[in-house]
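Please read the structure below before turning to the comments.
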2 protein chains.
Amino acid sequence: MNELLKQNINKHVQFSASELEEFCKYFQLKTFKKKEHLLKQGDVCKFEGFVLNGCFRIFTLDQKGSDNTLYFAARDWWLMDNDSFMHQNPSHLNMQALEDSEVLMINRTDKLMLYEKLPIVEKLFRVMSQKALVAWQRRLIRNHCETAKERYQNFLSTYPSIASKITDKQMASYLGITHEFLSKIKKQ
Amino acid sequence: MNELLKQNINKHVQFSASELEEFCKYFQLKTFKKKEHLLKQGDVCKFEGFVLNGCFRIFTLDQKGSDNTLYFAARDWWLMDNDSFMHQNPSHLNMQALEDSEVLMINRTDKLMLYEKLPIVEKLFRVMSQKALVAWQRRLIRNHCETAKERYQNFLSTYPSIASKITDKQMASYLGITHEFLSKIKKQ
DNA sequence: ACAAAGAGTTGAACTAGTTCAATTTTTTTC
DNA sequence: GAAAAAAATTGAACTAGTTCAACTCTTTGT
């Protein structure tokens with residue numbers, strides 16, 4: 001069932017078979033209907049997830065009510081709100097299923113326990129976080145030096161399977177432009 | 001000498017006195033003259049640093065030759081290029097001293113050894129990376145939902161000591177605007 | 001199957017931010 | 001302390017992206 005999770009882990013850090021077993025056995029399969037929220041802004045995040053099937057959108061609503069998409073999590077992606085999970089304060093993020101989805105979830109207590117019990121879990125999340133950091137830094141730079149059209153085209157070619165699952169409005173929110181402008185870009 | 005480093009570590013993860021000693025003894029003090037580079041784009045990053053005094057600017061030059069500032073590292077900040085350090089490929093980043101500076105540096109071999117020898121070091125960098133990730137996500141959102149003027153004012157009030165050390169050109173490059181436009185913002 | 005809501009398109013007027021070029025001010029260098 | 005280099009300012013013309021409003025097309029719920 002969680003072969004995909006095991007493969008994902010081993011892409012980052014080499015776990016032994018027994019470490020894999022021990023780590024993975026705390027994950028439970030949960031299903032989400034389209035539009036259902038895995039996390040809502042204001043809630044405290046008490047779990048982390050790994051997407052087996054489907055797709056989620058992770059976004060925040062700011063004071064002015066505008067909708068900013070941080071990222072999309074499809075098959076083989078992790079779902080977490082590091083800030084709320086770490087400090088147990090209300091989350092700024094929403095995680096909503098874009099289609100019926102399956103997620104392997106681990107609750108906070110078990111994850112904290114595993115950090116202690118299985119030192120390699122520290123390493124796994126250290127490596128994953130450092131890789132994610134690099135990706136976020138690149139994205140910020142690209143937002144500065146590329147036009148909206150370039151960013152749109154890059155997204156299409158980098159994440160074709162995600163692009164096909166999302167609406168133009170969600171795409172525009174990810175790119176940081178209005179959906180009207182995205183429509184004009186597409187026309188060209 | 002490296003009291004500041006020890007305090008910084010303990011802000012993230014509680015180390016025992018002996019762990020602190022063992023970890024810190026691998027750091028060496030290096031000094032950099034104003035304008036000197038700690039890392040140059042194209043070089044492979046073989047060390048990480050912690051700033052004791054002074055200030056660095058971390059930036060990239062893209063194809064078009066334009067200068068993008070990722071962040072400034074002043075006293076009590078870490079300097080690292082996770083991407084190049086992890087994969088030992090040529091760095092995309094420049095790290096340049098904005099004034100005469102002192103940095104505690106650890107080389108790659110020692111750091112990799114310490115990850116193995118002292119499991120709490122994994123935890124330290126896991127926690128630091130997760131916090132940094134949250135900060136980068138926030139910065140991206142702010143770049144989307146705030147105007148250049150708002151971002152400028154936020155920077156001034158959040159990092160007054162850094163703001164006083166950098167030129168307007170460097171500030172503009174951090175904010176993602178032209179220095180001409182920054183000058184017009186300031187006039188208001 | 002129909003009504004209602006949401007997503008996408010289009011156009012016109014607008015604004016935040018850019019580009020380029022000229023000028024002044026500040027800093028660096030010898 | 002003068003000369004050179006770099007930083008900052010200003011203005012005019014421009015452009016990428018926004019806003020608002022009207023309309024059409026698609027999806028959703030019952």
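In what follows, chains are A, B, ... by sequence order, proteins preceding strands, each numbered from 1. Since the structure is predicted, the reported quantities are computational estimates derived from the model, not experimental observations.
Under the 4.5 angstrom side-chain criterion for Ile, Leu, Val, Met, Phe, Trp and Tyr, A:V134 has no cluster partners at all. Applying the under-4.5 Å side-chain rule to Ile, Leu, Val, Met, Phe, Trp and Tyr, the cluster around B:F59 extends to B:L61.
Less than 4.0 Å separates DNA chain D from at least one heavy atom of each of the following residues of residues 150-174 of chain B: B:T167, B:D168, B:K169. In the region residues 178-188 of chain B, proximity to DNA chain C at under 4.0 angstrom, judged on heavy atoms, holds for B:T178, B:E180, B:F181, B:K184.
Partners of A:T158 by side-chain hydrogen bond (donor to acceptor under 3.5 Å, both in side chains), not counting sequence neighbours: none found. Residues passing the side-chain hydrogen bond (donor to acceptor under 3.5 Å, both in side chains) test with B:R108, sequence neighbours excluded: none. Qualifying side-chain hydrogen bond (donor to acceptor under 3.5 Å, both in side chains) partners for B:E146, counting only residues two or more places apart in sequence or in other chains: B:N154. Applying the side-chain hydrogen bond (donor to acceptor under 3.5 Å, both in side chains) criterion to B:Q41, with sequence neighbours excluded, gives B:N94.
Taking the ring axis of B:F85 as reference, the NZ or CZ atom of B:K111 stays within 45° of it and closer than 6.0 Å to the ring centre. Remark: B:R139 qualifies as a cation-pi partner of B:Y174 under the 6.0 Å distance and 45° angle criteria applied to the six-membered ring. Annotation: cation-pi geometry satisfied between A:R126 and B:Y115 (NZ/CZ under 6.0 angstrom from ring centroid, within 45° of ring axis).
Where the helix from C:dA1-D:dT30 to C:dC30-D:dG1 starts and where it ends, the local axes point in directions that differ by 70°; five pairs per end, rounded to 10°.
Here the side chains of A:L124 and A:F15 are in contact, with some heavy-atom distance below 4.5 Å. A 4.5 Å side-chain heavy-atom check between B:M80 and B:M128 finds at least one atom pair inside the cut-off.
Salt-bridge check for B:R142 with B:E150: failed, with every basic side-chain N at 4.0 Å or more from each acidic carboxylate O. A salt bridge links B:R138 with A:D83: at least one charged nitrogen is closer than 4.0 Å to a carboxylate oxygen.
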Listing time: all N or O pairs from protein to nucleotides 25-29 of chain D that are below 3.5 Å?
{"from": "D:dT28", "atom 1": "OP1", "to": "A:K34", "atom 2": "NZ", "distance (Å)": "2.8"}

Determine whether B:K30 and B:E102 satisfy the following criterion, salt bridge (Lys or Arg N to Asp or Glu O under 4.0 Å), listing intermediate values before the conclusion. CA-CA 6 Å; B:K30 301 219 175 160; B:E102 291 182 322; over 6 Å; no

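With a heavy-atom cut-off of 4.0 Å to chain B, the contacted part of DNA chain C has its first and last nucleotide at C:dG17 to C:dT28.
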If you look only at distance, which donor and acceptor atoms sit under 3.5 Å apart when one is on a side chain in residues 178-188 of chain B and the other is two or more places apart or in another chain?
{"from": "B:T178", "atom 1": "OG1", "to": "B:F181", "atom 2": "N", "distance (Å)": "3.2"}
{"from": "B:K186", "atom 1": "NZ", "to": "B:D168", "atom 2": "OD1", "distance (Å)": "3.4"}
{"from": "B:K186", "atom 1": "NZ", "to": "B:D168", "atom 2": "OD2", "distance (Å)": "2.4"}
{"from": "B:Q188", "atom 1": "OE1", "to": "B:K149", "atom 2": "NZ", "distance (Å)": "2.8"}

